[in-house]
Q: 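I have a structure I would like to understand better, so I am pasting it below and will then ask my questions one at a time.
Protein chains get the first letters and strands the later ones, always in sequence-line order, with residue 1 at the start of each.
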2 protein chains.
Amino acid sequence: MDKIVDNPHDDGYHRLRAAIVAGDLQPNERLVELDLSERLGIGRTAIRTALVRLESEGLVERERHRGAKVRLVDEQEAGEILQARAVLEGLAARQAALRATDADIAELRRIVAGLRTLLDAGDLLGASDEQAVLHRTVLELSGHATAHRLILALNSQIVRFQYRTILVPGRPERSHEEHSAIVDAIAARDPEAAEAAMRHHLANVAGTLPARR
Amino acid sequence: MDKIVDNPHDDGYHRLRAAIVAGDLQPNERLVELDLSERLGIGRTAIRTALVRLESEGLVERERHRGAKVRLVDEQEAGEILQARAVLEGLAARQAALRATDADIAELRRIVAGLRTLLDAGDLLGASDEQAVLHRTVLELSGHATAHRLILALNSQIVRFQYRTILVPGRPERSHEEHSAIVDAIAARDPEAAEAAMRHHLANVAGTLPARR
DNA sequence: CGTGCCGAGCTCGTGGACAAGATTGTCGAC
DNA sequence: GTCGACAATCTTGTCCACGAGCTCGGCACG
C-alpha cells in the first residue's frame with residue numbers, strides 16, 4: 001500500500017523482500033545471486049543491490065565469497081526486538097493521543113468493534129490481522145515518520161514469530177482488553193496512559209513468546 | 001572502535017560514511033559516483049554499494065538517474081529522532097540498571113568524575129565528547145544489541161545538530177546533573193529510575209535544540 | 001581406517017563498456 | 001527580449017567477463 005520512504009527504482013527489492021517475509025525462502029537457505037536472478041527474471045546487479053539493502057535492514061546475512069542467506073533471529077533477539085518495538089510503539093501511541101482527531105478516534109473504535117466481532121465468531125487469524133491493522137493505524141495517527149519507519153523494519157524481522165501468539169489459550173481475550181485500553185487512552189487524549197497501555201500490551205506479547213515455539 | 005555488526009568487506013563504506021558524518025561532504029552537494037570513486041581511490045562498484053547502504057541508513061538520498069546527495073534532516077525530523085533515541089536509550093538504561101556489575105558502576109562513576117573535571121576546567125567540547133562516551137558505555141552495558149544498533153543509526157543522522165547543545169548557557173551544569181542522575185539510578189539498580197532519568201535528559205536535549213540553530 | 005593435502009568447481013567482487021534518462025546550453029521564432 | 005524546442009553532455013543503471021577466495025570432494029600417506 002503505502003511505502004514510507006522508497007525509491008521506486010527497484011521492484012526487485014520488493015519482490016525479494018516479500019519472498020523472505022512470506023517465508024518462501026527458508027532461513028539458512030543459500031541465496032545464490034545468479035539463482036535468484038534467473039528465478040525472478042531480474043539482472044544479477046539488481047539482486048545484488050537488493051541484497052545489500054536487505055542486509056542493512058537485518059533481513060539477510062552476507063558473507064564475502066560465501067553468499068547470502070536469510071537471517072534467522074533467535075528467541076533472545078526476538079525478545080530484544082519486541083522490547084524495542086514496545087518503547088517505540090509506546091512513543092507512537094503517546095503522539096497519537098496528542099494528535100488524534102474525533103474522526104481518528106471513531107476509526108479506532110470501529111476497528112476495535114470489528115475485532116470484538118471476529119473474536120466472537122472464533123476467527124482468530126482474522127482477529128490477528130485486524131490487530132495488525134489497529135497497530136498500523138495508531139502508527140499512522142502518530143504522524144511520527146521516524147518511529148513508523150523503525151517499527152516497520154523491526155516487524156519484518158520477526159514475522160515468523162508474530163503470527164501465532166493469538167493462538168495461546170486465553171490470549172485473545174487478554175489481547176482484546178489490552179487493545180481496548182490503548183484505544184480508550186488515545187480517545188481520552190491521555191498520552192501517558194496511551195504509552196503505558198501500549199507498553200503493557202507488548203510486554204505481554206513478549207511474555208507469551210517463549211511459551212510458544 | 002567496535003562495530004556492532006559489520007562485514008569487513010567494504011572499507012569504502014566506512015570511508016564514505018566517515019566523510020559524511022564528519023561534514024566533509026556538505027548537504028545537497030551532489031555525490032557523483034565517478035567523482036567519489038577517484039577521490040577515494042575505490043572502484044565505482046564499491047561506491048555504488050556503499051551509497052545503497054547509506055541510503056537505507058538514511059544518510060543519503062538517491063534519485064533515479066539524478067544522483068545521490070547527503071540527506072539533510074530538518075529541525076522537525078531531528079526532534080523525531082531525538083524522541084526515538086530517548087525511548088530507546090531509556091530502554092538501554094533500564095537494561096543497564098538490571099545488568100550492571102560493580103565494576104561497571106565504578107566505570108560509570110569514573111566517567112562522571114572526569115566530566116566534572118572537564119567542566120570545571122571549562123573544556124566544553126571535551127566534556128561533550130566525554131558525555132558521548134558515557135552514553136556509549138551505558139549502551140554497551142545494556143547488552144541490548146538491537147537498541148544499540150538502532151541508536152547508532154539514529155545518532156549518525158543528527159551529528160550536525162548534536163555537537164553544540166552544550167554551548168547553550170547554563171546547559172553544561174544541567175546536563176551534568178542529568179547524567180549524574182542516570183548513573184545514580186543505574187548504581188542503585190533501579191531500572192524505572194534509570195529509564196526515567198535517561199528520558200528526562202534527552203527530553204531536555206530536545207528542548208534546547210530549537211533554541212540553537 | 002583415519003587424517004591431512006590438494007585441486008576442481010562454485011560464488012562473489014570488480015572493472016569496463018554500453019544504454020537510458022536527465023540536465024543544461026544553444027538556437028530560432030515571435 | 002523572452003519563451004520554447006532541440007541537441008550535447010553528463011550521470012546513473014545494467015550487462016558482461018574475468019579474477020579472487022571459499023567449499024568440498026578425492027587421493028595419498030601414516
Q: Mark yes when over 12 heavy atoms from residues, nucleotides or ligands other than Arg189(B) sit less than 6.0 Å from its CZ; otherwise mark no.
A: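 Yes, because the 6.0 Å sphere around CZ of Arg189(B) holds more than 12 heavy atoms from other groups.
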
Q: Under 4.0 Å, heavy atoms only, any strand: does Arg48(A) hit a base, just the sugar-phosphate, or nothing?
A: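 Here Arg48(A) touches the bases of the nucleic acid.
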
Q: With a 4.0 Å cut-off on N to O distance, would you call Glu57(B) and Arg17(B) a salt bridge?
A: yes

Q: Could you state the NZ-P distance from Lys69(B) to dT23(C), rounded to the nearest angstrom?
A: 11 Å

Q: Check this for me: does any side-chain nitrogen of one of Glu55(A) and Arg53(B) sit under 4.0 Å from a carboxylate oxygen of the other?
A: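 So Glu55(A) does not pair with Arg53(B) through a salt bridge.
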
Q: Starting at CZ of Arg30(B) and ending at C1' of dT24(C), how long is that distance when rounded to a whole Å?
A: 11 Å

Q: NA contact type, Ile42(B), heavy-atom cut-off 4.0 Å: base, sugar-phosphate, or nothing?
A: nothing

Q: Whole-Å distance between dT11(C) C1' and Glu38(A) CD?
A: 13 Å

Q: As a quick check of understanding, evaluate side chain to side chain contact (heavy atoms under 4.5 Å, CB included) for Val138(B) and Leu108(B), giving each step before the final call.
A: CA-CA 8 Å; Val138(B) 171; Leu108(B) 289 176; 4.2 Å; yes

Q: Is there a donor-acceptor pair closer than 3.5 Å between any side-chain N or O of Asn155(A) and the backbone N or O of Leu152(A)?
A: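 Absent.
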
Q: Could you state the atom-to-atom distance from CD of Glu33(B) to P of dT14(C) in whole Å?
A: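 Result: 14 Å.
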
Q: Return the value, rounded to whole Å, for the distance between atom CG of Leu34(A) and atom P of dA17(D).
A: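 That distance rounds to 12 Å.
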
Q: Rounded off to whole Å, could you give me the NE2-to-P distance for the His65(A) and dC18(D) pair?
A: 18 Å

Q: Take atom CZ of Arg64(B) and atom C1' of dT23(C), then tell me their distance rounded to the nearest Å.
A: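 Spelled out: CZ on Arg64(B) to C1' on dT23(C) is 16 Å.
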
Q: Atom CD1 of Ile47(B) to atom P of dG13(C): distance rounded to whole Å?
A: 16 Å

Q: With distance as the sole criterion, do the side chain of Thr45(B) and the base of dG15(C) form a donor-acceptor contact below 3.5 Å?
A: yes

Q: What contact category does Leu51(A) fall into here, base, sugar-phosphate, or nothing, at under 4.0 angstrom with non-hydrogen atoms?
A: nothing

Q: Ignoring the backbone of Val32(A), work out which of dT11(C), dG13(D), dT14(C) is nearest its side chain.
A: dT11(C)

Q: When you match Arg44(A) and Arg66(A) each to their closest nucleotide on DNA chain D, which lands nearer the 5' end?
A: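 The answer here is Arg44(A).
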
